[in-house]
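Data first, discussion second: the structure below is written as structure tokens.
The structure presented is a predicted model; accordingly, all values stated were derived computationally and were not measured.
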Amino acid sequence: QLQACGGGLVQAGGSLRLSCAASGRTFSTYFLGWFRQSPGKEREFVAGISWNGGRTYYIDSVKGRFTISRDNAKNTVYLQMDSLKPEDTAVYYCAATPKIRTPGTVVVAGTKRFYDLWGQGTQVTVSS
């Protein structure tokens, strides 16, 4: 089970830190990702992190602004979001999969069908 939190309302240029805590099992060997979905749009991959944190993956629109990290001792993944823009407004979901460990590309990391477990989502709203 994944539980995401940390969303909220922030002005453009501000920051938020999302957290996603896993329970019920150890996720230290899982690939973890963050996705987001805006009204009327498909859920899109935002960032991912390999099982040991050695590799991270980002879509182009968040590179340099978002940072994904994980603490396997706490079974938690984080998404630090800086320089937020109104277009970042969405419900953010964390997800986990044992099917990929260190994918070679962002495309593979962001393939939704690989992910077995999804959190409930947390709303991020960025005002202009």
Side-chain angles (χ1 to χ4, degrees):
Q1 187 175 1
L2 301 175
Q3 183 76 26
C5 62
L9 173 64
V10 64
Q11 287 188 332
S15 297
L16 282 174
R17 189 193 195 204
L18 306 183
S19 299
C20 177
S23 61
R25 69 183 74 181
T26 299
F27 285 85
S28 59
T29 60
Y30 281 54
F31 188 90
L32 301 175
W34 285 97
F35 290 74
R36 65 186 180 187
Q37 188 168 20
S38 305
K41 294 186 178 181
E42 289 191 7
R43 191 171 299 187
E44 69 168 348
F45 175 76
V46 175
I49 187 166
S50 61
W51 68 278
N52 62 353
R55 283 197 65 176
T56 56
Y57 307 78
Y58 302 94
I59 56 173
D60 287 344
S61 60
V62 307
K63 280 181 181 177
R65 300 189 298 120
F66 290 12
T67 303
I68 188 171
S69 61
R70 66 190 294 166
D71 185 338
N72 285 343
K74 295 182 179 179
N75 242 11
T76 301
V77 61
Y78 306 95
L79 186 67
Q80 176 67 41
M81 304 186 295
D82 299 318
S83 302
L84 281 161
K85 303 176 180 180
E87 51 263 44
D88 295 318
T89 295
V91 177
Y92 283 71
Y93 300 87
C94 56
T97 176
K99 298 176 182 175
I100 52 177
R101 297 292 293 273
T102 309
T105 67
V106 172
V107 172
V108 173
T111 302
K112 289 190 289 290
R113 62 183 173 84
F114 288 158
Y115 289 82
D116 298 318
L117 298 167
W118 293 85
Q120 86 287 4
T122 184
Q123 176 70 47
V124 172
T125 303
V126 185
S127 63
S128 56

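No donor-acceptor pair closer than 3.5 Å links the side chain of Thr26 to the backbone N or O of Ser28. At distances below 3.5 Å, not a single donor-acceptor pair connects side-chain atoms of Gln120 with backbone N or O atoms of Gln3. Side chain of Asp88 to backbone of Ala12: no donor-acceptor contact under 3.5 angstrom is found. Although no hydrogens or angles enter the test, the distance criterion places a donor-acceptor pair under 3.5 Å between the side chain of Ser38 and the main chain of Thr89. Between the side chain of Tyr93 and the backbone N or O of Arg43 there is no donor-acceptor pair closer than 3.5 Å. Using modelled atom types, no side-chain atom of Asp71 and backbone atom of Thr76 make a donor-acceptor pair closer than 3.5 Å. A donor-acceptor pair under 3.5 Å links the side-chain atoms of Arg65 to the main chain of Ser83, judged by distance alone.
Classified by interplanar angle (parallel below 30°, tilted 30° to 60°, perpendicular above 60°), the ring pair Tyr115/Phe35 is perpendicular.
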Using side chain to side chain contact (heavy atoms under 4.5 Å, CB included), reason through Tyr57 and Thr105 one step at a time and then give a plain yes or no. CA-CA 8 Å; Tyr57 307 78; Thr105 67; over 6 Å; no
Trace of the side chain to side chain contact (heavy atoms under 4.5 Å, CB included) decision for Leu117 with Arg25: CA-CA 11 Å; Leu117 298 167; Arg25 69 183 74 181; 3.7 Å; yes
Go through the steps to decide whether Cys20 and Cys5 satisfy the test disulfide bond (SG atoms under 2.5 Å apart), and finish with yes or no. CA-CA 6 Å; Cys20 177; Cys5 62; over 6 Å; no
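To the nearest 0.5 angstrom, Ser61 atom OG is 6.0 Å from Glu44 atom CD. One distance of note links CG of Leu32 with OG1 of Thr56; it measures 12.5 Å at 0.5 Å rounding. Atom CZ of Arg55 sits about 13.0 Å away from atom CD1 of Ile68, to the nearest 0.5 Å. How far OG of Ser128 is from NZ of Lys85: 14.0 Å, rounded to the nearest 0.5 Å.
Met81 is not listed as a side-chain neighbour of Val126, based on a closest heavy-atom distance of 4.5 Å or more. No side-chain heavy atom of Thr111 sits less than 4.5 Å from a side-chain heavy atom of Lys99.
Of all the heavy atoms in Leu79 and Ala47, the pair that sits closest is CD1-CB, 4.1 Å. Closest approach of Phe114 to Thr97, counting heavy atoms only: O-OG1, 2.5 Å. Between Gly7 and Val124, the shortest heavy-atom distance links the atoms CA-CG2, 4.1 Å. Looking at every heavy atom in both residues, Gly6 comes nearest to Leu16 through O-CD2, 3.9 Å. Closest non-hydrogen pair, Arg70 versus Phe31, comes out as NH1-CA, 4.4 Å. When all heavy atoms of Asp116 and Pro98 are compared, the pair lying nearest together is OD2-CD, 3.0 Å.
Heavy atoms of other residues, nucleotides or ligands lying less than 6.0 angstrom from CD of Gln123 number more than 12. Around the NZ atom of Lys74, the shell of radius 6.0 Å holds no more than 12 heavy atoms that belong to other residues, nucleotides or ligands.
Linking ILVMFWY side-chain heavy atoms closer than 4.5 Å, directly or via other members, places Phe45 and Tyr30 in a single hydrophobic cluster. No chain of hydrophobic side-chain contacts below 4.5 Å, direct or via other Ile, Leu, Val, Met, Phe, Trp or Tyr residues, connects Trp34 to Trp51. Val91 and Leu9 fall into different hydrophobic clusters, where Ile, Leu, Val, Met, Phe, Trp and Tyr side chains are chained together by heavy-atom contacts under 4.5 Å. In the hydrophobic clustering of this structure, Leu18 does not group with Tyr78; members are Ile, Leu, Val, Met, Phe, Trp, Tyr whose side-chain heavy atoms approach within less than 4.5 Å, directly or through other members.
Under 4.0 Å is where a charged nitrogen must lie from a carboxylate oxygen, and between Asp60 and Lys63 at least one such pair does.
Between the side chains of Ser50 and Asn52, a donor-acceptor pair is found at a separation under 3.5 Å.
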